[in-house]
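A short write-up of the structure that comes next.
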Amino acid sequence: LDSGSAAHLTGMGEALLDAGRHAEAALAFDRAAALNPGDARVWQGRGTALVYTKRFAEAADSFDKVIAIEPGNAPAWNGKGAALFHMKKYGEAVEAYDKAIELEPGNAPAWNNKALALAEMKDHRAAEAAFERAKRIAGWWTEPRIGKLSLYLALGNTANAYEAAGEAISAIGRDAGLLAARGFTE
């Protein structure tokens, strides 16, 4: 990566993230952070790139820097939750997701992510409620439906899993993976 201004490097990092070149994006954000350590956007991008490259502790630190600069940044709290989730720190992840939700009650990804963490903590009722909330907020977004389906399958609750798969299929059309989960084959 060529050196340049922090703004240029940040833009390059964002473009690399969009292109799925996460390791290169992290390098661009590292260089941008060295030039402008007070820029929340740099740390946000770095945290996101590091989650994708499975460098979760570093990602959590980056999101903490965003939060120190912009305490009301809901996506940073959600990102921190994702990093903590992948480190299997589910309780801390739920706390981060709760903060994101407090800041943006309509943040469907934070509700969905909270549900995933609650499911890992075996708090199945709370996970189901969070998936349902994410689904109501997002409408068309299928992740909460798939998460709820996975929860029911893990619990061996085939009746509810069948219903959740039907909802997901209705929302997105015929999807082979969802049809297979529901017991149908192509």
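Bear in mind that the values here come from a model prediction, so they are computed numbers and not experimental data.
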Determine the sole option in Lys99, Gln44, Glu104 for which the side chain to side chain contact (heavy atoms under 4.5 Å, CB included) test with Asn73 is passed. Gln44
Heavy-atom nearest pair, Asn78 first then Ala100, reads N-CB, 3.9 Å
Student check: side-chain heavy atoms of Leu16 and His22 closer than 4.5 Å: no
Does Leu118 form a side-chain contact (heavy atoms from CB on, under 4.5 Å) with Lys114? I'd like the steps, not just the answer. CA-CA 6 Å; Leu118 289 166; Lys114 177 181 177 177; 3.8 Å; yes
Could you tell me whether the side chain of Ile137 reaches within less than 4.5 Å of the side chain of Arg133, counting heavy atoms only? yes
When rounded to the nearest 0.5 angstrom, what distance separates CD1 in Ile67 from NZ in Lys65? 12.0 Å
In Å and rounded to the nearest 0.5 Å, what is the NE2 to CG distance from His124 to Leu155? 4.5 Å
Could you tell me whether Glu132 and Lys135 have a side-chain N and a carboxylate O separated by less than 4.0 Å? yes
List the steps, then state whether side-chain contact (heavy atoms from CB on, under 4.5 Å) holds for Asn113 with Phe85. CA-CA 9 Å; Asn113 292 340; Phe85 176 89; over 6 Å; no
Assess the residue pair Tyr90 and Leu116 against the criterion (side-chain contact (heavy atoms from CB on, under 4.5 Å)); give the C-alpha distance rounded to whole Å, side-chain angles, the decisive distance to 0.1 Å, and a yes or no. CA-CA 9 Å; Tyr90 303 120; Leu116 294 170; over 6 Å; no
Counting N and O atoms only, with roles assigned by atom type, does the side chain of Tyr97 sit under 3.5 Å from a partner on the main chain of Ala115, one being a donor and the other an acceptor? no
Trp43 side-chain N/O to Pro37 backbone N/O, donor-acceptor pair under 3.5 Å: yes
Keeping Trp111 on the side-chain end and Pro105 on the backbone end, is there a donor-acceptor pair under 3.5 Å? yes
What heavy-atom pair brings Gly45 and Leu17 nearest, and what distance separates the two atoms? O-CD1, 3.9 Å
Least distance between heavy atoms, Met121 atom then Gly91 atom: SD-N, 3.8 Å
Would Glu120 and Lys88 pass as an ion pair if we require N to O under 4.0 Å? no
Given side chains that start at C-beta, do those of Leu50 and Ser62 come closer than 4.5 Å, heavy atoms only? yes
Do the charged groups of Glu92 and Lys80 touch, with an N to O distance under 4.0 Å? no
ILVMFWY cluster, Leu103 and Phe63 together (side-chain gap under 4.5 Å): no
Give the minimum heavy-atom separation between Ala134 and Asn112, together with the two atoms involved. CB-N, 3.7 Å
Please round to the nearest 0.5 Å and tell me the distance separating atom CE of Met12 and atom NE2 of His8. 3.5 Å
Contact summary for Val66 and Ala40, nearest pair of heavy atoms: CG2-O, 3.5 Å
Phe56 reachable from Leu84 in the ILVMFWY side-chain graph, under 4.5 Å edges: yes
Roughly how far apart are Glu14 CD and Leu9 CG, rounded to 0.5 Å? 11.5 Å
Shortest non-hydrogen separation from Ala117 to Val94 and the atoms involved: CB-CG2, 3.6 Å
